Student: 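Dumping the structure here so I can ask a few things about it.
All values reported here derive from a predicted model rather than from experimental measurement. Each ligand, and each atom within it, is numbered from 1 in the order the structure gives.
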Amino acid sequence: MKIKTILVCVMIMTSFIGLKADEGSHLWLKHQTGANGNIKVLGRLTPTLSLAVHELQNGWTGMPIVLKKQKDKSLQNEGFRINPQSHNILVTSPSDVGLLYAAYYLLRSQSCNQPLTNTVIDNPFYERRLLNHWDNLDRTVERGYAGKSIWEWDVLPDSVSDRYEAYARANASIGINGTVLNNVNASPEMLSKEYLQKVETIANILRPYGIKVYLSVNFASPMVIGGLPTADPLDKHVVKWWKDKAKEIYQIIPDFGGFLVKANSEGQPGPCDYQRTHAEGANMLADALKPYNGIVMWRTFVYNPEDADRAKQAYLEFYPLDGKFRDNVILQVKNGPVDFQPREPYTPLFGAMSHTKTMPEFQITQEYLGHANHLAYLAPMWEEFNQQVNPASQKALAGVANIGTDTNWTGHPFGQSNWYAFGRLAWNPYLTSEQIADEWLKQTFTTDSAFVEPVKAMMLDSREAVVNYMMPLGLHHLFAFGHHYGPEPWCDVPGARPDWLPSYYHKADKQGLGFDRSSTGSGATAQYPDSLAKLYDNINTCPEEYILWFHHTPWGHKMKNGRTLWEELCYKYNEGVQQARSFQQTWDAAQPYVDAEVFQQVQEKLKMQTLDAMWWRDACLLYFQQYSEMPIPLELERPVYNLEEMKQFKINIDNHENAPHGFK
Ligand code: BDP
């Protein structure tokens, strides 16, 4: 039979028996069983409560449930209590959305086969749990690898995609309660009347799911769309423009969340253009939003080509402003001091600003971890951060979304686990990566432990694998210029900013490798609290996963296991490749448990990941070997590409043409 004929037969058979391939569009929400759950509401049925009832009626197969809104001293507004009684389960919350969260809690427990025996009291840890979309108005997504933006600006508000509600539901199911709709590199147009009407439509759809809308704003908006000659935050016309704009927004969207601002960063306008401080800029916006309870999330991602060490910049610029921000300003700080690398130590601003509110920004989209091609479960990275920075010292949590128009939302089927994990950690930063992976796998695929256990182990290893084959031992930013996918430690673009080139970060020479940020170098170690500063400053006590971050380390430096730095580097890169290979084995064994289409998709992506891992290993080791002049230990695999060949690959990121393995 020809392939075409077989395909047609399969399609006919599938439609005949009413099966639909699981193409990943339902995410982790597969509990609709037509269960006809017995659900009762005490009190008024609001739109949010109707959603809770609907979800439970469709999915709940257990005892009758009674939902009741009521005050409770142990509960925050969005928290809930689940009280199993002899004939029913009593669910209470001070708010409707709390009852909706409780519904998702119950459905999750059911899908994961977790019996409900004791009373559950659950409160969200952070009051604000936000996605940040880096989506542009033309529907491209900055650092997005899953198709176009889900926001169809061109046809809104007249036409409304089904995806908006599906998106709201998915977020509510994991407790996300806010979303910034547009890119931090913000178009001023976003605040025009025309666009605000489009935003209103989205806000109306998200509202019953407890999700507030926020917008990224361009600091020069008063000039670009307001026609003013300046955007100086102390100019009274500028102040008035923002006040009027805030009033206009709240008339349209009464529960609008607030603004996210990227100012004086990578060419964006900001208060420093007028010799004003970040605090003066942020406070002016905060005052405009204050009457409506809106907030400003002001990003600290700033750095200049002239600075000696990019990793020190946020601290140098913002620490002196501690205590100068209004109480409705939160500084949004990237988890690491450079830029969402596979591994960074935490940004020392966290914990340093005791009179200023701060919130971490994580990156869910895998800009620096293999885009939507590599399987990299990011919860362990965020867990590592939460172990370093006390979550209780933070006011909110933001994650740069990995969502697009792809059928499966995130490009890689396992990318969904990162969206899921982000939401769960924003709700409870003390959940373990293991627990979250377990939940996600059981809801998304099957509860069969023959599947769950090995695949979970693969997920838990995956971020470390990426660190190993891309940038072990504290290396960072060895990426090709622009797209941040493949390795180019040699990259040199004439005229480019030095801090956009890998050699700025790896500093390879005949003596050794790594950036000296100790007291003999840039002194970045001194930005950490004393005990840590001391630990990081000394090459012999610095944790080895950060050694090349903080020290220009001699090639012959003895590592804790007795190997030299060079040998250890070879071992780490090699380990990364072996890990990627082992993921292929794990996945092949998982075939019986997974939908055929998803199985194949992941299988193809894992092949690509392994080839990319080899590409990274060979590129980095052969390049650094020019400096170390040491051999790759004989017991390790030999390079399969050569350095000169690799320098010729200029990968086209849109179709992956010209990657060394020729994948498309
Ligand atoms: C970098 C991205 C760039 C973003 C920037 C930011 O490469 O596209 O605009 O961060 O966070 O990681 O503002």
Student: Can you tell me how far CG of Asp612 sits from CG of Leu606, rounded to the nearest 0.5 angstrom?
Tutor: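 These two atoms lie 11.5 Å from each other.
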Student: Heavy-atom contacts under 4.0 Å between Asn183 and ligand 1: side chain, backbone, both, or neither?
Tutor: neither
Student: Would Lys507 and Tyr505 count as a cation-pi pair here, with the cationic atom under 6.0 angstrom from the ring centre and within 45° of the axis?
Tutor: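 Judged by the rule (NZ or CZ under 6.0 Å from the ring centre, within 45° of its axis), Lys507 is not positioned above Tyr505.
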Student: Is the Trp490-Phe624 ring centre distance short of 6.0 angstrom?
Tutor: no
Student: Under a 4.0 angstrom heavy-atom cut-off, which atoms of ligand 1 come close to Asp339?
Tutor: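 So the atoms of ligand 1 that pass are 1 (C), 10 (O), 12 (O).
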Student: Taking the six-membered ring for Trp, are the ring centroids of Phe583 and His374 within less than 6.0 Å of each other?
Tutor: no
Student: Identify the protein heavy atom lying closest to atom 5 (C) of ligand 1, giving its residue, its atom name and the separation to 0.1 Å.
Tutor: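 Looking at atom 5 (C) of ligand 1, the protein heavy atom closest to it is Glu266 OE1, 3.4 Å.
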Student: What are the atoms of ligand 1, with element, lying closer than 4.0 Å to any heavy atom of His484?
Tutor: 7 (O)
Student: What do you reckon, are the aromatic ring centroids of Phe340 and Tyr368 less than 6.0 Å apart?
Tutor: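 No, the ring of Phe340 stays outside the 6.0 Å limit from the ring of Tyr368, centre to centre.
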Student: Looking only at non-hydrogen atoms, which of Glu367, Glu361, Lys334 approaches atom 10 (O) of ligand 1 most closely?
Tutor: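 It is Lys334 that holds the nearest heavy atom.
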Student: Looking only at distances, can you tell me whether any N or O atom of Gln363, backbone or side chain, sits closer than 3.5 Å to an N or O atom of ligand 1?
Tutor: no
Student: Under 6.0 Å from the six-membered ring centre of Tyr303 and within 45° of its axis: does the NZ or CZ of Arg310 meet both?
Tutor: yes
Student: Should you measure from each heavy atom of Phe301, which atoms of ligand 1 turn up under 4.0 Å away?
Tutor: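 Those atoms are 5 (C), 6 (C), 10 (O), 11 (O), 13 (O).
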Student: Please confirm whether Arg299 comes under 4.0 Å of ligand 1, counting heavy atoms of the residue only.
Tutor: yes
Student: Quick test: of every protein heavy atom, which one is nearest to atom 13 (O) of ligand 1, and how far off is it to 0.1 Å?
Tutor: Lys262 NZ, 2.6 Å
Student: Identify which one of Lys334, His477, His484 satisfies the side-chain hydrogen bond (donor to acceptor under 3.5 Å, both in side chains) criterion when paired with Asp339.
Tutor: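 Output: one option passes, namely Lys334.
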Student: Looking only at distances, can you tell me whether any N or O atom of Ser265, backbone or side chain, sits closer than 3.5 Å to an N or O atom of ligand 1?
Tutor: no
Student: Determine, for Trp549 and Arg517, whether the Lys NZ or Arg CZ falls below 6.0 Å from the six-membered ring centre while staying within 45 degrees of the axis.
Tutor: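 Yes, a cation-pi geometry holds between Arg517 and Trp549.
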Student: Considering both backbone and side-chain atoms of Trp134, is one of its nitrogen or oxygen atoms within less than 3.5 Å of a nitrogen or oxygen in ligand 1?
Tutor: no
Student: If you draw the axis of the six-membered ring of Tyr315, does the NZ or CZ of Lys312 fall within 45° of it and under 6.0 Å from the ring centre?
Tutor: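 Relative to the ring axis of Tyr315, which defines the angle, Lys312 lies outside at least one limit.
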Student: Using a 4.0 Å heavy-atom cut-off, which part of Tyr368 comes near ligand 1: side chain, backbone, both, or neither?
Tutor: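 Contact part for Tyr368 vs ligand 1: side chain (C-beta onward).
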Student: What atoms of ligand 1 come closer than 4.0 angstrom to any heavy atom of Glu142?
Tutor: 3 (C), 4 (C), 8 (O), 9 (O)
